[in-house]
Amino acid sequence: MESVLSKCENQITIFTDYLEEFPDTDELVWILGKQHLLKTGGTGPSSDAGWGCMLRCGQMMLAQALICRHLGRDWNWEKQKEQPKEYQRILQCFLDRKDCCYSIHQMAQMGVGEGKSIGEWFGPNTVAQVLKKLALFDEWNSLAVYVSMDNTVVIEDIKKMCCVLPLSVDTADESISDSLTASNHSKGTSAFSLAWKPLLLIVPLRLGINQINPVYVDAFKECFKMPQSLGALGGKPNNAYYFIGFLGDELIFLDPHTTQTFVDTEENGMVDDQTFHCQHPPQRMNILNLDPSVALGFFCKEEKDFDNWCSLVQKEILKENLRMFELVQKHPSHWPPFIPPAKPEVTTTGAEFIDSTEQLEDFDLEEDFEILSV
């Protein structure tokens with residue numbers, strides 16, 4: 001992260017921990033032959049206050065997916081109770097360190113490659129795209145992250161991405177791998193039994209122009225009822241919340257706007273997890289006050305979970321005259337061919353890889369939405 005921030009701010013590579021002892025002055029300070037401004041010294045922002053709320057909401061949605069992935073949807077955290085080792089490993093993914101796969105550093109860095117400077121606010125679609133790219137470097141959780149485009153979820157593409165050869169099968173023969181399509185898998189005609197890669201499905205939407213269109217309210221609420229639900233990212237411009245449910249016409253949300261101190265791994269390898277959980281009770285807001293730019297999240301650990309989700313969408317979402325989004329079986333012929341995302345061929349770790357913005361050029365992120373008919 002330093003390599004990018006140094007382009008924006010002068011660095012003081014020594015004495016960083018002692019900057020608070022220096023006077024607040026515009027006068028230049030000279031260190032080892034280089035001049036620095038005290039007001040812009042250091043290695044970048046020391047806090048994400050004022051700009052990181054959508055990134056934090058994206059972390060919350062992803063963390064919920066990982067809880068479902070490793071501990072089950074019914075698992076609950078209890079204060080002062082010994083937690084499973086998987087729980088501690090999940091926490092490690094979100095520490096505020098650049099070598100953690102889903103840290104604020106990694107998410108902000110990935111945005112740099114698309115013109116989002118460090119400290120610039122993200123929209124829900126950009127966060128979704130960033131998570132999709134970072135997941136390629138996360139071998140432990142091994143998630144398939146699908147972000148829909150043009151308000152359309154394509155079943156064929158998801159099956160192609162999630163139905164994979166198990167590790168026990170020799171995958172060196174690419175001809176075998178290519179022959180095992182999602183269609184023959186679902187029909188049981190393949191000689192091999194394909195494994196299902198757990199799916200994080202994110203559906204970015206624009207549910208109106210300046211405000212949410214009331215015709216989408218019922219369908220939007222139905223999404224929170226689905227057992228695969230991970231809630232929604234949204235809120236208001238420059239003010240993001242993580243929506244987890246509803247009560248009547250009010251949405252229930254978690255507010256990330258509580259500044260907390262940095263937490264790191266302790267000597268015993270554990271993480272003090274108090275600040276990783278709600279410091280304040282969930283809040284509520286009228287659904288019509290929601291900004292129309294949102295992103296729905298769903299997690300399907302097994303293929304049957306995805307098939308069930310498709311059935312629920314067809315029953316509850318596609319019945320509407322003005323549909324919130326589309327679910328189609330086949331890849332649209334007028335779209336470019338679908339190629340499952342793959343980790344770029346690099347010789348470094350994921351953390352080191354995205355330290356270089358020059359290697360982010362192939363990662364195309366979009367913050368634009370197709371405006372739904374109103």
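Given the structure is predicted, the values throughout are model-derived calculations rather than measurements.
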Which donor-acceptor pairs under 3.5 Å do the side chains of residues 222-230 make with protein atoms, sequence neighbours left out?
residue: E222; atom: OE2; partner: K225; partner atom: NZ; Å: 3.1
residue: Q228; atom: NE2; partner: D305; partner atom: O; Å: 3.0
residue: Q228; atom: NE2; partner: N308; partner atom: OD1; Å: 2.8
residue: S229; atom: OG; partner: G231; partner atom: N; Å: 3.1

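- Taken from CG in D157 to CD1 in I339, the straight-line distance is 11.0 Å, to the nearest 0.5 Å.
- In this structure, V294 and Y216 have side chains that are not in contact, with every pair of non-hydrogen atoms separated by 4.5 Å or more.
- A donor-acceptor contact shorter than 3.5 Å is absent between the side chain of D150 and the backbone of T152.
- Q83 contributes a side-chain N or O that, together with a main-chain N or O of K81, makes up a donor-acceptor pair within less than 3.5 Å.
- Judged by distance alone, the side chain of K301 and the main-chain N or O of P198 form no donor-acceptor pair under 3.5 Å.
- Using a 3.5 Å distance cut-off with no hydrogens or angles, the side chains of Q59 and R56 do pair a donor with an acceptor.
- Just one residue in the list V203, I158, L327 forms a side-chain contact (heavy atoms from CB on, under 4.5 Å) with S148, and that residue is V203.
- Residues L296 and F325 form a side-chain contact, since some pair of their non-hydrogen atoms from C-beta on lies under 4.5 Å apart.
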Verdict with supporting geometry, W75 and Y87, ring pair (Phe, Tyr, Trp, His ring centres under 6.0 Å): CA-CA 10 Å; W75 180 85; Y87 167 80; 5.4 Å; yes

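- The nearest pair of heavy atoms linking A240 to H257 is O-CE1, 3.2 Å.
- The two residues W335 and V154 make their nearest non-hydrogen contact at CZ3-CG2, 3.8 Å.
- Tracing side-chain contacts under 4.5 Å through hydrophobic residues (I, L, V, M, F, W, Y), one reaches M324 starting from V215; they form part of the same cluster.
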Side-chain donor-acceptor pairs of residues 283-291 under 3.5 Å, sequence neighbours excluded:
residue: R284; atom: NE; partner: E250; partner atom: OE1; Å: 2.7
residue: N286; atom: OD1; partner: L288; partner atom: N; Å: 2.8
residue: D291; atom: OD2; partner: S293; partner atom: N; Å: 3.0

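- Inspection of the K85 and Q88 side chains reveals no N or O donor paired with an N or O acceptor under 3.5 Å.
- For the atom pair CG (N238) and CZ (F122), the distance works out to 12.5 Å, reported to the nearest 0.5 Å.
- None of L136, D138, V130 except one satisfies the side-chain contact (heavy atoms from CB on, under 4.5 Å) rule with L134; the exception is V130.
- Put simply, OG1 on T126 and CG on L233 are 11.5 Å apart, with the number rounded to the nearest 0.5 Å.
- A donor atom on one side chain and an acceptor atom on the other are not found under 3.5 Å apart for H105 and D99.
- Contact check for R69 versus S142: side-chain heavy atoms found under the 4.5 Å cut-off.
- Nearest heavy-atom pair, Q106 versus K98, reported as atom, atom and distance to 0.1 Å: NE2-O, 3.0 Å.
- The shortest non-hydrogen separation linking N151 to R206 is OD1-N, 4.5 Å.
- Heavy atoms of other residues, nucleotides or ligands lying less than 6.0 angstrom from CD of E82 number 12 at most.
- Residues W196 and V164 do not share a hydrophobic cluster, defined by chaining ILVMFWY side chains whose heavy atoms lie under 4.5 Å apart.
- A heavy-atom distance below 4.5 Å is found between the side chains of P84 and L71.
- When the shell of 6.0 Å around CD of Q314 is examined, it contains more than 12 heavy atoms from other residues, nucleotides or ligands.
- K221 is listed as a side-chain neighbour of D249, based on a closest heavy-atom distance under 4.5 Å.
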Chi angles and distances behind the side-chain contact (heavy atoms from CB on, under 4.5 Å) call for V153, F298: CA-CA 12 Å; V153 177; F298 305 93; over 6 Å; no

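- Residues forming a ring pair (Phe, Tyr, Trp, His ring centres under 6.0 Å) with F299 (at least two apart in sequence, or on another chain): none.
- What you find for P124 and A295 is that their closest heavy atoms are CB-CB, 3.8 Å.
- For I244, the side chain to side chain contact (heavy atoms under 4.5 Å, CB included) test picks out Y242, I252, L254, with sequence neighbours left out.
- How far NZ of K197 is from CG of N141: 11.0 Å, rounded to the nearest 0.5 Å.
- L251 and V217 fall within a single hydrophobic cluster, where Ile, Leu, Val, Met, Phe, Trp and Tyr side chains are chained together by heavy-atom contacts under 4.5 Å.
- Remark: D264 engages L95, R97, F262 in a side chain to side chain contact (heavy atoms under 4.5 Å, CB included) (not counting sequence neighbours).
- Taking CG of L199 as the start and CG of L143 as the end, the distance is 8.5 Å to the nearest 0.5 Å.
- Counting all heavy atoms, side chain and backbone alike, A128 lies closest to V147 at O-CG2, 3.7 Å.
- Using cut-offs of 30° and 60° for the angle between ring planes, the H70 and W140 rings count as parallel.
- Contacts of F253 classified as ring pair (Phe, Tyr, Trp, His ring centres under 6.0 Å), with partners at least two apart in sequence or in another chain: Y241, F243.
- Atom CD in E303 sits 8.5 Å away from atom SG in C162 (nearest 0.5 Å).
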